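These notes are about the structure you will find just below.
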Amino acid sequence: MHSRQRRRFLSVGSGLAAGLLGISTGAKAAPLARSPGLPVSAYGQRARYETSQRWLTPARYLASTASWSPLADQLGIITPSALHYERHHGGVPDIEPGAFSLLVHGLVQRPLEFTLEDLKRFPVTERICMLECSGNSYREWQGPGGVDVQQTHGLTSCSAWSGVRLADVLAECGVMAEAQWLVAEGGDAARLTRSVPLAKALDDTLLVYGQNGEALRPEQGYPLRLLVPGYEGSISVKWLSRLKLSDEAIYSREETSKYTDLMPDGRAQAFTLAMDAKSVITSPSPGRGPLLPGFQEIRGLAWSGRGRVTRVEVSTDGGQHWQDAQLHGPVLPVCHTRFSLPWRFDGQPCVLASRCTDETGDVQPSRAALVAARGVNSFYHYNAIQHWRVDADGSVHNV
Ligand SMILES: Nc1nc2c(c(=O)[nH]1)N[C@H]1C(S)=C(S)[C@@H](COP(=O)(O)O)O[C@H]1N2
Ligand SMILES: [Mo]
């Protein structure tokens, strides 16, 4: 262990030994059950005392639906399927797997229609991967908006996906040399349609039918979705029904009226697909009850659509000084990555912030740097450093 790290560890250790956490001893023993409990169950539920939930779009916005993951409650890097964020433009369709098929056509030698069973015969592959809606943190473009980390950053989640390589399925159809793009269409009422660059489709794009050890949840695209690792969430088309090989992008509704970035000069940038390096402190964070003085571990999540997180720095003075946080394994490409830093809250007001760097050298920008480059006309792809102000009374606020 690096000697500086060791000293830090020792000072925390002795702090804990001295009882600085203020945990009272002499508590009464918990009651033990005296009669048999519930019998086994066919499909499990979480403990009834656990109440963590997705945050739903306020009813007045029902025309466009989304729900935000409770990131501050999440343990580890896998989001429980029941708490995976949702974004759907035409509601969640009810698709019977026996009635499902995927049509692959366009610039291919053999247009083919696959059933789910056909697709499951291709070599299976697993990948832990995060998804992030490019609209995550959209409110923050106009200044501090979300009241807590769920609202500011909850349009990202991370699952273990099971499926097959799209490249294998396309090889079966025989991709023609002129093909440059893959147009993917969903079978939901919105018929969400996105163009995927063929190189990405052949590189690491998957067709997934499994999520966290069981079939995809309906909300995540049951029975089959596209998974385009590291690209904005909207391109991972759910309830996939059609793939068309094409020599050009289709410029669908979701690539023109939506999912473009209006730059300061009034021009819109299209196909900003990769998600940039980003991080947020989940504890302490707003709305979690006042912070107690004494030892506090600063904890958070970092991610990048371009690869692995290599560094997370934490500041307790609003970005004037930075300290390296510890990254917790596994550190996987295009995945949520946990970080932590031991800290003491001494009752002085302060501002906490985290800054992520990924393996491509992409560094999460300050708000000022992001706004200087992009202006404030944008809606998507906000990845600036998030600041939480801690007041003397221990309350935490988005600033
Ligand atoms: N068919 C279809 N696919 C879709 C969508 C949709 O509305 N319809 N929403 C997209 C958007 S905007 C995002 S961010 C992700 C969300 O995936 P999730 O709901 O599984 O988190 O799915 C994408 N795929
Ligand atoms: Mo999205």
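When a ligand or atom number is given, it counts from 1 through the structure's own listing order. Here the structure is a predicted model, which is why all the values come from computation and not from measurement.
- Polar contact check, Trp239 against ligand 1: no nitrogen or oxygen pair lies under 3.5 Å apart.
- At least one N or O atom of Tyr85 sits closer than 3.5 Å to an N or O atom of ligand 1.
- Counting heavy atoms closer than 4.0 Å to ligand 1, residue Ser134 contributes nothing at all.
- Between His88 and ligand 1, no N or O atom pair is found at a separation short of 3.5 Å.
- Relative ring orientation between Trp181 and Phe271 is described as tilted, the plane-to-plane angle lying within the 30° to 60° band.
- Side-chain atoms of Gln180 do not come within 3.5 Å of backbone N or O of Leu198 as any donor-acceptor pair.
- Below 4.0 Å from some heavy atom of Val237 lie the following atoms of ligand 1, by number and element: 1 (N), 3 (N), 24 (N).
- Proximity of the aromatic rings of His153 and Trp55 is defined here by a centroid distance below 6.0 angstrom, and this criterion is not met.
- Checking side-chain atoms of Glu313 against main-chain N and O of Thr357 turns up no donor-acceptor pair under 3.5 Å.
- The backbone N or O of Ala82 sits less than 3.5 Å from a side-chain atom of Arg54, completing a donor-acceptor pair.
- Atoms of ligand 1 found under 4.0 Å from any heavy atom of Tyr259 (numbered from 1 in listed order, with element): 12 (S).
- Between Arg225 and ligand 1, at least one N/O pair is under 3.5 Å apart.
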